*Asks:* 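Please find one structure pasted underneath; my questions will follow.
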Amino acid sequence: MKIYASLLSCDLLNIRNEISALAEAGIDGLHVDIMDGRFVRNIAFGIDFVKRICSSTDLPVSVHMMVDEPSPFVSAVACENVESVIVHREISDNLSDALNNIKNAGLGVGLAINPMTKVSDIENYASIIDTVLVMGVHPGFGGQTMLPEIPDKIDSLIAICEGNMSISIDGGVNSDTVNLVRIREDDTLIAGNYLFERTDENKVVGLKEKIKTLCCGISTGQ
Ligand code: DX5
Ligand code: ZN
């Protein structure tokens with residue numbers, strides 16, 4: 001299982017140091033949220049930001065596009081350490097085209113589902129998806145509480161998951177909710193607010209402790 005840090009809640013004016021501290025603490029990768037103010041009621045990072053992040057770190061980067069029409073941005077975001085691009089099941093753009101664009105760019109194909117979207121709604125796309133990103137909260141903002149129905153939803157998803165389709169969980173991941181969700185060896189937990197909320201300790205020590213807590217809290221179950 002891997003732990004990725006969502007940069008949405010980091011100290012943005014100090015981001016180079018934040019990323020260095022995450023790397024030193026042993027984070028597995030970075031998660032960057034792109035928003036368009038339309039698919040979600042917020043604006044986050046853009047393509048140039050992703051490129052700057054990629055040029056400043058060797059960590060793998062996953063790009064989460066909360067964007068209604070992601071296709072034009074897929075190839076633009078494909079820098080060296082971008083390992084995957086995740087688009088949403090609920091977009092108004094042609095979803096098959098968007099997923100194929102990601103695949104054709106040589107990137108991992110991610111499909112995200114909002115809390116209201118049923119697990120069965122991904123089945124038509126299963127053959128092309130590398131990872132399903134389950135939103136633990138309504139998308140658009142960090143620091144929300146994971147919705148109570150999410151652990152059962154993940155169980156249902158595991159039941160229909162094909163061999164090489166992994167699961168990522170994004171939103172509301174913390175030391176409590178990690179004990180509620182089932183996660184397998186190849187799956188990923190994405191944490192923002194939990195990792196970046198203030199502690200009195202040294203930054204790297206604090207992050208190491210939190211990463212360890214998330215790893216240890218996992219109830220593995222293939
Ligand atoms: C929310 C974003 C998440 C967010 C998670 O729409 O997609 O990546 O940063 O933040 P936390 O971990 O604070 O819920
Ligand atoms: Zn995200």
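For clarity, every value in this text was computed on a predicted model and none was experimentally measured. Ligands are counted one by one from 1 in listed order, and the atoms in each one are counted from 1 as well.
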*Asks:* Tell me the contacting part of F141 for ligand 1: side chain, backbone, both, or neither, using a 4.0 Å heavy-atom threshold, strictly below.
*Replies:* backbone

*Asks:* Quick one: does ligand 1 sit under 4.0 Å from the side chain of D170, the backbone, both or neither, non-hydrogen atoms only?
*Replies:* side chain

*Asks:* Should M66 be listed as contacting ligand 1, given a heavy-atom distance under 4.0 Å as the test?
*Replies:* yes

*Asks:* Regarding S92 and D68, do their side chains bring together a donor and an acceptor under 3.5 Å, going by distance alone?
*Replies:* yes

*Asks:* Would you please say whether a donor-acceptor pair under 3.5 Å links the side chains of S168 and D187?
*Replies:* no

*Asks:* Among the N/O/S atoms of D33, select the one at the shortest distance from the Zn ion (ligand 2) and name it.
*Replies:* OD1

*Asks:* Which residue owns the protein heavy atom closest to atom 12 (O) of ligand 1, what's the atom, and how far is it?
*Replies:* G192 N, 2.8 Å

*Asks:* So which heavy atom in the protein is nearest atom 6 (O) of ligand 1, and how far is it from that ligand atom?
*Replies:* G140 N, 2.7 Å

*Asks:* Quick one: do the N101 and N104 side chains pair a donor with an acceptor below 3.5 Å?
*Replies:* no

*Asks:* Which residue holds the protein heavy atom closest to atom 10 (O) of ligand 1, what is that atom called, and what is the gap in Å?
*Replies:* G142 CA, 3.6 Å

*Asks:* May I ask you to list the atoms of ligand 1 that are less than 4.0 angstrom from any heavy atom of H31?
*Replies:* 8 (O)

*Asks:* If we ignore angles and hydrogens, is there a donor and acceptor under 3.5 Å between the side chains of D170 and H64?
*Replies:* yes

*Asks:* With a cut-off of 6.0 Å (strictly less than), are more than 12 heavy atoms of other residues, nucleotides or ligands near CD of E80?
*Replies:* no

*Asks:* Nearest to the Zn ion (ligand 2), which N, O or S atom of H64 do we find?
*Replies:* ND1

*Asks:* Looking at D170, pick out the N, O or S atom nearest to the Zn ion (ligand 2) and give its name.
*Replies:* OD2

*Asks:* Find all atoms of ligand 1 within a distance of less than 4.0 Å from any non-hydrogen atom belonging to L8, and give their numbers and elements.
*Replies:* 9 (O)

*Asks:* Looking at E24 and K203, is any side-chain nitrogen of the basic one under 4.0 Å from a carboxylate oxygen of the acidic one?
*Replies:* no

*Asks:* Below the 3.5 angstrom mark, is there an N/O of D33, backbone or side chain, next to an N/O of ligand 1?
*Replies:* yes

*Asks:* For T117 and E90, which I'm curious about, is there any donor-acceptor pair between the side chains at under 3.5 Å?
*Replies:* yes

*Asks:* Tell me, yes or no, whether the heavy-atom count around R38 atom CZ, taken from other residues, nucleotides or ligands under 6.0 Å, exceeds 12.
*Replies:* yes

*Asks:* Any nitrogen or oxygen of G172 lying under 3.5 Å from a nitrogen or oxygen in ligand 1? Just yes or no.
*Replies:* yes

*Asks:* Could you pull out the closest heavy-atom pair between P139 and P115, with the gap in Å?
*Replies:* CD-CD, 4.3 Å

*Asks:* For atom 9 (O) of ligand 1, what's the nearest protein heavy-atom neighbour? Residue, atom name and distance, please.
*Replies:* S6 OG, 2.6 Å

*Asks:* Which heavy atom of the protein is the closest neighbour of atom 13 (O) of ligand 1, given with residue, atom name and distance?
*Replies:* G143 N, 2.7 Å

*Asks:* Does any N or O atom in Y194 lie less than 3.5 angstrom from one in ligand 1, N or O only?
*Replies:* no

*Asks:* At less than 4.0 angstrom from any non-hydrogen atom of N193, what atoms of ligand 1 do you find?
*Replies:* 11 (P), 12 (O), 13 (O)

*Asks:* Are a donor atom and an acceptor atom from the side chains of S20 and N17 found within less than 3.5 Å of each other?
*Replies:* no

*Asks:* For side-chain contact (heavy atoms from CB on, under 4.5 Å), just list the numbers for L95 and L99, CA-CA rounded to whole Å, side-chain angles, deciding distance to a tenth of an Å, and then say yes or no.
*Replies:* CA-CA 6 Å; L95 184 57; L99 296 172; 4.0 Å; yes

*Asks:* State which residue, out of D130, D186, T131, fulfils the side-chain hydrogen bond (donor to acceptor under 3.5 Å, both in side chains) condition with S166.
*Replies:* T131

*Asks:* At a non-hydrogen distance cut-off of under 4.0 Å, which region of A191 contacts ligand 1 (side chain, backbone, both, or neither)?
*Replies:* backbone

*Asks:* Start with the C-alpha distance between F45 and L8, add both sets of side-chain angles, then the distance that settles side-chain contact (heavy atoms from CB on, under 4.5 Å), and finish with yes or no.
*Replies:* CA-CA 8 Å; F45 307 118; L8 199 58; 4.2 Å; yes

*Asks:* Can you name the atoms of ligand 1, numbered from 1 with element, that are less than 4.0 Å from a heavy atom of G171?
*Replies:* 14 (O)

*Asks:* Assess M135 for proximity to ligand 1: is some non-hydrogen atom of it under 4.0 Å away?
*Replies:* yes

*Asks:* Should you measure from each heavy atom of H64, which atoms of ligand 1 turn up under 4.0 Å away?
*Replies:* 7 (O)

